Amino acid sequence: MKTYQLAKLHAHTKQLLHQVAATQQAIEIRLPAKHSVVVMSKDRYAQLLELNYLWETGSLPAALQQLDLESDVG
């Protein structure tokens, strides 16, 4: 993940946001006092929410096993 200072985001907001949307790669923005935030596409965020749901419900192992079985057949 690429990391940028807050000033870079201020100066190049449109470019950086389009980059995130086009590449599906998140970026980290460093803030003062050693804080930071991550900017990611809405699609990637939705994927993480789904993964988190599978984890919380205990369905993740079964989902991973199903994917493994499908990859063996295909």
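Note that the structure is predicted; figures quoted are calculated from it, not measured.
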Checklist entry - Heavy-atom distance under 4.5 Å between the side chains of Gln5 and Ile29, does that happen here? => result no

Checklist entry - What distance separates Leu16 CG from His10 NE2, expressed to the nearest 0.5 Å? => result 11.5 Å

Item to check | side chain to side chain contact (heavy atoms under 4.5 Å, CB included) involving Tyr53 - partner list, sequence neighbours excluded | outcome: Thr57

Next on the checklist: Once side-chain hydrogen bond (donor to acceptor under 3.5 Å, both in side chains) is applied, do any residues pair with Gln24, and if so which ones, sequence neighbours excluded?
Outcome noted: Ser41

Next on the checklist: How long is the straight-line distance from CG of Leu49 back to CZ of Arg44, given to the nearest 0.5 Å?
Outcome noted: 10.5 Å

Item to check | Leu17 with Val37, same ILVMFWY side-chain cluster at under 4.5 Å | outcome: yes

Checklist entry - Which pairs with one or both residues in residues 29-40 pass side chain to side chain donor-acceptor pair (under 3.5 Å), sequence neighbours excluded? => result Glu28-Ser36

Item to check | For Gln66, all residues meeting side-chain hydrogen bond (donor to acceptor under 3.5 Å, both in side chains), sequence neighbours excluded | outcome: Glu70

Checklist entry - Run the side-chain contact (heavy atoms from CB on, under 4.5 Å) check on Val38 and Ile27 step by step: do they pass? => result CA-CA 6 Å; Val38 173; Ile27 60 172; over 6 Å; no

Item to check | side-chain hydrogen bond (donor to acceptor under 3.5 Å, both in side chains) against Gln65, all qualifying residues, sequence neighbours excluded | outcome: none

Checklist outcome for this item: Sequence neighbours excluded, the answer for side chain to side chain contact (heavy atoms under 4.5 Å, CB included) partners of Leu60 is Leu51, Leu54, Trp55, Leu64

Item to check | Minimal non-hydrogen separation, Tyr4 against Gln19, with atom names | outcome: OH-NE2, 3.6 Å

Checklist entry - Roughly how far apart are Thr3 OG1 and Lys8 NZ, rounded to 0.5 Å? => result 12.5 Å

Next on the checklist: I'd like to know if Val20 and Leu31 are part of one continuous hydrophobic network [Ile/Leu/Val/Met/Phe/Trp/Tyr, side-chain heavy atoms within less than 4.5 Å].
Outcome noted: yes

Item to check | Val39-Leu6 co-clustered via ILVMFWY side chain contacts under 4.5 Å | outcome: yes

Next on the checklist: Is there a side chain to side chain donor-acceptor pair (under 3.5 Å) between Asp43 and Gln47? Walk through the geometry before answering.
Outcome noted: CA-CA 6 Å; Asp43 289 341; Gln47 291 172 343; over 6 Å; no

